[in-house]
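The block underneath contains the structure these notes are about, expressed in structure tokens.
Just so you know, these numbers use all the heavy atoms, side chains as well, and skip hydrogens, waters and symmetry mates. Note that the structure is predicted; figures quoted are calculated from it, not measured. Atoms within a ligand are numbered from 1 in the order they appear, just like the ligands themselves.
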Amino acid sequence: MENSSEPLQPHCLVLSYPTQGHMNPMLQFCKRLLRKGVKVTLVTAKSMSKTLHGSSSCTSIALEAISDGFDDGGIGAAGSPEAYIERFWKVGPETLSELVKRLVSSGPPPTCIVYDSFLPWALDVARNFGLVAAVFFTMSCAVNSVFYHCQKGWLEVPVKKQVLLPGVPPLEPQDMPSLVCDVGTYPAFTGMLVNQFSNLDKVDWVLCNTVYELDPEVADWFMKILPFRTIGPTVPSAYLDNRLEHDQEYGFSIFQPEHDTTMRWLGTKPKGSVVYVSFGSMAELKIDQMHELAMGLKRSNCYFLWVVRSSEAEKLPQDFANGSETSQNGLIVTWCPQLKVLAHEALGLFVTHCGWNSTLEALSLGVPMLAIPQWTDQATNAKYIMDVWKMGLRPQVDEERGVVTSDEIEHCIRKVMEGETWKKMKEHAGKWRKITKDAVGEGGSSDRNIEEFAAKMGVKKG
Ligand code: UDP
């Protein structure tokens, strides 16, 4: 039995929404927290834990799984986002409570739940067990501000005109998260993102995977109204401060990376010559967009490395799919070790969907971007990439067809790869690289926040 006069050893359960883009940052946060002396257990859905490739490079992090109601197949098996969310919201709190009960009896008992902002019901579970509750946001400050304003009713949805928010540059509808403009397409997701903020008045901590210096005014605004702390970038330590041992990769991947093929190919290319193209783990491109992209890459005459997930492969033009078009200049893979690719000296440009992890990775590694956002928070990230951080271009969308044309893609690739633009972006890149590195380095803004969090958990300095 635990001696009641003895303080409990700090033990955080870190609960992640089951997607690659949420697992990566939360797993990295676990590693940082562990280094500060907190015991950490990463929790995700069984459907996710069954499909993971690789293993965490940090064996001191325990891994547990709860049910999302679709243990075989997750959201893909649910039929619709509505069905998934409805069932997960019902089953999740029960199975998380069972896990907490089991850990309380087998020890060391949890003292805190750090939960993904997509899963606000975890706050009630934490409260039922008398645990500290911290919410973890995986999106940028500006995007969080948009959804916060929606939740408060301060922003009319659907958004149809320019929006002015404290500390955020004026956002036109095309810069807004798609889910607040186009509310009919994925109503369940719109609801989920707005509801992230529904119970924040009861939470002990609000942690955000960003760097204070990337968006200081919005971070300050949040800090005035909430116990808000920035803790990012959650990029493996080897690419930043190098203080965590053996932390060269996230460690878990839903898809199997074509590691050797990718790195061998990159190794044969001259410095700064390769255009890397990836739309992350979820975005689905229109066939028309795939064809325009293929044509734009071909006409740019640059080397290109293109990640096309298996589920997207049938949309490729035939001569790209059968390799006849790509054998000269290009390589298409189903998944790659993105961090290694971004850090490779052959890399010149990252054509990205502007997922928040990819954006933070490119900023941390100093890679100029071509921003082609697809949905959710990506358009707002694209706005910041181009206008605030000045680390990329955002090609114009052809309004009639709803795609970025091959001409526009070719033009933008050439502009960055051949011109002064690249030099300018590289100058900005140096600044952001230093800022992101310093943030997690000893005494940096994020390091201090994680230290403060650990101290409040009961970790003694020493
Ligand atoms: N990623 C990867 N290999 C790939 C493509 C992506 O390892 O071929 C990783 C990438 O480094 C990032 C994550 O997958 O950490 C994607 O997250 P992001 O937020 O950028 O996009 P999402 O997949 O959530 O849309």
Worksheet item: Which is closest to atom 10 (C) of ligand 1 by heavy-atom distance: Gln28, His353, Met139, Gln338?
Response: Gln338
Worksheet entry | Gly280 neighbourhood, listing ligand 1 atoms whose heavy-atom distance to it stays under 4.0 Å | 23 (O)
Item to complete: Considering heavy atoms of the protein only, find what lies nearest to atom 7 (O) of ligand 1 and give residue, atom and distance to 0.1 Å.
Response: Cys336 O, 3.5 Å
Response to the item:
re atom 1 (N) of ligand 1, the protein heavy-atom contact at minimum distance is Trp335 CZ2, 3.3 Å
Item to complete: Look at atom 23 (O) of ligand 1 and say which protein heavy atom is nearest, naming residue and atom and giving the distance to 0.1 Å.
Response: Ser281 OG, 2.4 Å
Worksheet item: Can the ring centroids of Phe29 and Phe136 be said to lie less than 6.0 angstrom from one another?
Response: yes
Worksheet item: Taking the six-membered ring for Trp, are Phe118 and Tyr17 parallel (under 30°), tilted (30 to 60°) or perpendicular (over 60°)?
Response: perpendicular
Worksheet entry | Carboxylate-amine/guanidinium proximity below 4.0 Å for Lys36 and Asp447 | yes
Item to complete: Salt-bridge test for Asp438 and Arg433: reply yes if a basic N is under 4.0 Å from a carboxylate O, no otherwise.
Response: no
Discussion item. Atom NZ of residue position Lys415 - does it have more than 12 heavy atoms of other residues, nucleotides or ligands inside 6.0 Å?
Written reply: no
Worksheet, complete the sentence: Residue, atom and distance of the protein heavy atom nearest atom 20 (O) of ligand 1 read Ser358 OG, 2.5 Å
Worksheet entry | Proximity of Phe88 and Trp121 rings by center, below 6.0 Å | yes
Item to complete: Hey, could you give me each pair passing salt bridge (Lys or Arg N to Asp or Glu O under 4.0 Å) that has a residue in residues 71-81? Not counting sequence neighbours.
Response: Lys50-Asp72
Worksheet item: Aromatic ring centroids of Trp356 and Phe137 under 6.0 Å?
Response: no
Practice prompt. Could you find the nearest protein heavy atom to atom 24 (O) of ligand 1 and give me its residue, atom name and distance?
Written response: Gly21 CA, 3.6 Å
Fill in: For atom 15 (O) of ligand 1, the protein heavy atom that lies nearest, with its residue and separation
Glu361 OE2, 2.6 Å
Fill in: Residue portion contacting ligand 1 (non-hydrogen atoms closer than 4.0 Å) for Phe255
neither
Discussion item. Any heavy atom of Asn24 closer to ligand 1 than 4.0 angstrom?
Written reply: yes
Response to the item:
Note: ligand 1 atoms sitting under 4.0 Å from heavy atoms of Trp356 are 19 (O)
Worksheet item: Any idea which atoms of ligand 1 are less than 4.0 Å away from a heavy-atom of Ser278?
Response: 5 (C)
Worksheet item: Salt bridge check: are Asp288 and Lys315 linked by an N-O gap of less than 4.0 Å?
Response: no
Worksheet, complete the sentence: Nearest non-hydrogen protein atom to atom 19 (O) of ligand 1, with distance, is Asn357 ND2, 2.9 Å
Worksheet item: At the 4.0 Å heavy-atom cut-off, does His22 count as touching ligand 1?
Response: no
Worksheet item: Does Phe279 have a non-hydrogen atom less than 4.0 Å from ligand 1?
Response: no
Worksheet entry | Where ligand 1 meets Gly355 - atom numbers and elements under 4.0 angstrom, heavy-atom basis | 18 (P), 19 (O), 20 (O), 21 (O)
Practice prompt. Examine ligand 1 and decide if any of its atoms is less than 4.0 Å from a heavy atom belonging to Thr19.
Written response: no
Discussion item. Any carboxylate oxygen within less than 4.0 angstrom of a Lys/Arg side-chain nitrogen, looking at Asp68 and Arg87?
Written reply: no
Worksheet item: Relative to each other, are the rings of Tyr276 and Phe350 parallel, tilted or perpendicular (30° and 60° limits)?
Response: parallel
